[in-house]
Amino acid sequence: MSLVSKVAENVYLIDTLGANFDKTVASYLVKGSRIALIDVGYASSYINVIKGLQMLNIDLKDVNYIIPTHVHLDHAGAVGILAKYMRNAKIIAHERAVRHIIDPSKLIQSATSVYGEELMKIYGVPEPVEQDRVEAVKDELFLNLGNNIELRLIYTPGHAPHHISVIDETGKILFSGDALGIIYPHFPVLIPTMPPPSFDFNLALKSIDMLESFKPKFVLIPHFGAIVNDEHIFKKNKDIMSEWLRLISEMRSQG
């Protein structure tokens with residue numbers, strides 16, 4: 001089992017070993033003259049992100065950006081803890097996510113009500129981040145990492161109302177967050193990411209269409225890994241979300 005793997009030029013996957021399972025929750029590192037981490041996993045697995053950086057010979061003080069695509073625990077749970085180690089890192093998130101990064105108390109309360117205290121012990125509890133270290137994205141933000149790498153952060157609601165995706169336009173790489181579904185290597189079936197209560201079907205479709213318009217060569221999904229040159233992945237996501245919505249509506253109508 002490898003904690004770190006190179007998935008594209010200047011891009012590395014760190015397996016966070018989320019909830020002690022391999023190949024379920026990925027963090028992605030983009031390395032130019034500046035360094036960005038996209039999604040960082042559960043609070044309980046932060047140490048594996050640090051180990052991954054050490055394996056890549058990256059000093060924690062050299063990480064410039066931590067970019068959670070959204071504040072669900074498997075993407076942003078470790079942000080506050082890692083921010084303490086990565087003192088020079090700016091945390092960048094959608095403007096609707098910022099308050100939960102600065103003060104995660106409502107997020108913790110909500111997650112505990114859904115998952116229960118036992119699961120929260122496994123996932124870990126997010127820690128707060130100083131307000132002056134957090135930068136908000138509204139619709140779009142560009143980050144120049146140097147070495148001809150520029151990241152484009154774009155608002156892609158649907159899965160969550162505060163969701164962003166990240167595009168490296170030079171390398172034609174899409175970091176999709178949960179705007180696209182789950183495909184585990186050990187269970188290669190597309191699972192749509194449609195969590196109640198905030199999932200918005202119509203916004204999700206629009207976000208997928210927007211991401212498809214960039215024509216990425218690589219799609220890097222948090223759950224889990226790289227999808228290479230699969231032009232059908234966008235259609236597959238829309239089709240299966242539509243099918244799930246139809247089935248759920250049908251079952252609800254039948255009581």
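- Between V7 and F218, the closest side-chain pair of non-hydrogen atoms is not below 4.5 Å.
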- Message: Would L82 and I50 count as a side-chain contact (heavy atoms from CB on, under 4.5 Å) here? Give the steps.
- Response: CA-CA 8 Å; L82 290 174; I50 291 176; 3.8 Å; yes
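- Side chain of H163 to backbone of D178: a donor-acceptor contact under 3.5 angstrom is found.
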Query raised in the report: Run the side-chain contact (heavy atoms from CB on, under 4.5 Å) check on M86 and L37 step by step: do they pass?
Result: CA-CA 11 Å; M86 303 170 185; L37 271 174; 3.8 Å; yes
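- Taken to the nearest 0.5 Å, the CD1 atom of I221 stands 5.0 Å off from the CD1 atom of I183.
- Formation of a donor-acceptor pair under 3.5 Å by the N10 side chain with backbone atoms of V30 is not found in this model.
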- Please lay out, stage by stage, how H94 and L153 fare under the test side-chain contact (heavy atoms from CB on, under 4.5 Å). CA-CA 9 Å; H94 189 260; L153 284 59; over 6 Å; no
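- At distances below 3.5 Å, not a single donor-acceptor pair connects side-chain atoms of Y42 with backbone N or O atoms of A76.
- S45 and T16 make their closest contact through CB-O, 3.1 Å (heavy atoms, listed as atom of the first residue, atom of the second, distance).
- The two residues P192 and I240 have their closest heavy-atom pair at CB-CG2, 4.0 Å.
- With hydrogens and angles ignored, the 3.5 Å screen pairs a side-chain donor or acceptor of H162 with a backbone N or O of V71.
- Between the D103 side chain and the R99 main chain, no donor and acceptor come within less than 3.5 Å of each other.
- Under the 3.5 Å distance criterion, the side-chain polar atoms of R133 are matched with a main-chain donor or acceptor of A89.
- Between the CG atom in L245 and the CD atom in E250 there is a gap of 11.5 Å [rounded to 0.5 Å].
- For the pair K90 (side chain) and D132 (backbone), a donor-acceptor distance under 3.5 Å is present.
- To the nearest 0.5 Å, atoms NE2 (H232) and CG (D239) are separated by 11.5 Å.
- For the atom pair NE2 (H159) and NE2 (H70), the distance works out to 3.5 Å, reported to the nearest 0.5 Å.
- Under the 4.5 Å side-chain criterion, counting only non-hydrogen atoms from C-beta, F199 is in contact with M241.
- Between S176 and S165 the shortest heavy-atom distance is O-OG, 3.4 Å.
- Looking at heavy atoms from C-beta onward, F175 lies out of side-chain contact with I67 at the 4.5 angstrom threshold.
- In the hydrophobic clustering of this structure, L180 groups with Y28; members are Ile, Leu, Val, Met, Phe, Trp, Tyr whose side-chain heavy atoms approach within less than 4.5 Å, directly or through other members.
- Partner of H223 under the side chain to side chain donor-acceptor pair (under 3.5 Å) criterion, chosen from D39, T24, D74: D74.
- Side chain of N147 to main chain of I149: no donor-acceptor pair is present (N/O by atom type, distance under 3.5 Å, no hydrogens or angles).
- In this structure, CG in L107 is found 5.5 Å from CG in L73, a value given to the nearest 0.5 Å.
- Checked by atom type and distance alone, the side chain of Y155 pairs as donor or acceptor with a backbone atom of P161 at under 3.5 Å.
- The shortest side-chain heavy-atom distance between P104 and V129 does not fall under the 4.5 Å cut-off.
- Between the side chain of D15 and the backbone N or O of L3 there is no donor-acceptor pair closer than 3.5 Å.
- A heavy-atom distance below 4.5 Å is found between the side chains of L53 and I14.
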### Task
Show the numbers, then the answer: is there a side-chain contact (heavy atoms from CB on, under 4.5 Å) between E169 and F214?
CA-CA 8 Å; E169 292 186 284; F214 289 101; 3.8 Å; yes
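- Atom OG of S33 sits about 11.0 Å away from atom CG of N148, to the nearest 0.5 Å.
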